[in-house]
Amino acid sequence: EVQLVESGGGLVQAGGSLRLSCAASGFAIDDYAIGWFRQAPGKEREGVACISSTTDTTHYADSVKGRFTISSDNAKNTVFLQMDSLKPEDTAVYYCAADLLLSYGTARWVDWGLWTYWGQGTQVTVSS
């Protein structure tokens, strides 16, 4: 059974850092594209970052470039999202997602409807 479990969310002051983890089971993360998405109250789900070992690519939303870093540890079957210089507008529930087909071509990674598997989410709150 494919499962994704996010952790690492919490409350942090603006300018602070958090590291989110997405622990995968039931599949090998280096065979899949793994993405991070977020959804704030009243807003649509948006893509934050994506990584594919198959194509050796990473992608970031413009709003987080230079502040967030996505990485993977294949031995732990876990993907991380290091979030630095956090802003109040980063406040949202963060989800990780996985998809096999997207691992071969991540051009449309921001389209959350294309992702097959989702975690339950972890809350990130950035205070001003």
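The shown structure was predicted, so the numbers you read here are calculated from the model rather than taken from an experiment.
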Could you go step by step and tell me if L81 and R19 meet the side chain to side chain contact (heavy atoms under 4.5 Å, CB included) rule? CA-CA 6 Å; L81 184 69; R19 188 173 84 152; over 6 Å; no
L20 and V124: CA distance, side-chain angles, deciding distance, side chain to side chain contact (heavy atoms under 4.5 Å, CB included) verdict: CA-CA 9 Å; L20 304 184; V124 171; 4.0 Å; yes
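Across all their heavy atoms, T78 and K76 have their closest contact at OG1-O, 2.9 Å. Heavy atoms only, all atoms of each residue included: S128 and A14 are closest at CA-CB, 4.4 Å. Residue L18 comes nearest to V12 through the heavy atom pair CD1-CG1, 4.0 Å, listed as atom of the first residue, atom of the second, then distance. The nearest pair of heavy atoms linking C22 to L4 is SG-CD2, 3.8 Å.
Here the CD1 atom belonging to I51 is positioned 6.5 Å from the OG atom belonging to S71, to the nearest 0.5 angstrom. For the atom pair CD1 of I34 and CD1 of I70, the computed distance is 8.0 Å after rounding to the nearest 0.5 Å. One distance of note links CZ of F68 with CG of D84; it measures 8.5 Å at 0.5 Å rounding. Rounded to the nearest 0.5 Å, atoms CG (D56) and CG (D30) are 12.0 Å apart. Here the OG-CD distance, from S127 to Q13, works out to 5.0 Å after rounding to the nearest 0.5 Å. Atom OG of residue S21 and atom CZ of residue F80 lie 4.5 Å apart, to the nearest 0.5 angstrom.
Criterion: ILVMFWY side-chain heavy atoms under 4.5 Å apart, direct or through other members. Under it, W109 and W112 are part of a common hydrophobic cluster. In this structure, V79 is a member of the same hydrophobic cluster as M83, with clusters built from ILVMFWY side-chain heavy atoms closer than 4.5 Å.
Under the 3.5 Å distance criterion, the side-chain polar atoms of E6 are matched with a main-chain donor or acceptor of Q120. Not a single donor-acceptor pair under 3.5 Å links the side chain of N74 to the backbone N or O of N77. The backbone N or O of S85 sits less than 3.5 Å from a side-chain atom of R67, completing a donor-acceptor pair. Under the 3.5 Å distance criterion, the side-chain polar atoms of S63 are left unmatched by any main-chain donor or acceptor of A61.
Within the structure, the ring-ring contact (aromatic ring centres under 6.0 Å, His included) test picks out the following pairs touching residues 31-53 (sequence neighbours left out): F27-Y32, F37-W115, F37-W118.
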Can you give each donor-acceptor pair under 3.5 Å made by side-chain atoms of residues 91-108, sequence neighbours left out, with the distance rounded to 0.1 Å?
| from | atom 1 | to | atom 2 | distance (Å) |
| --- | --- | --- | --- | --- |
| T91 | OG1 | P88 | O | 2.9 |
| T91 | OG1 | V126 | N | 2.9 |
| T91 | OG1 | V126 | O | 3.4 |
| Y94 | OH | R38 | NH1 | 2.9 |
| Y94 | OH | D90 | O | 2.6 |
| D99 | OD1 | T116 | N | 3.3 |
| D99 | OD1 | T116 | OG1 | 2.5 |
| D99 | OD2 | L101 | N | 3.0 |
| D99 | OD2 | L102 | N | 2.9 |
| S103 | OG | D31 | O | 3.3 |
| S103 | OG | L100 | O | 2.5 |
| T106 | OG1 | H59 | NE2 | 2.6 |
| R108 | NH2 | D111 | OD2 | 3.4 |

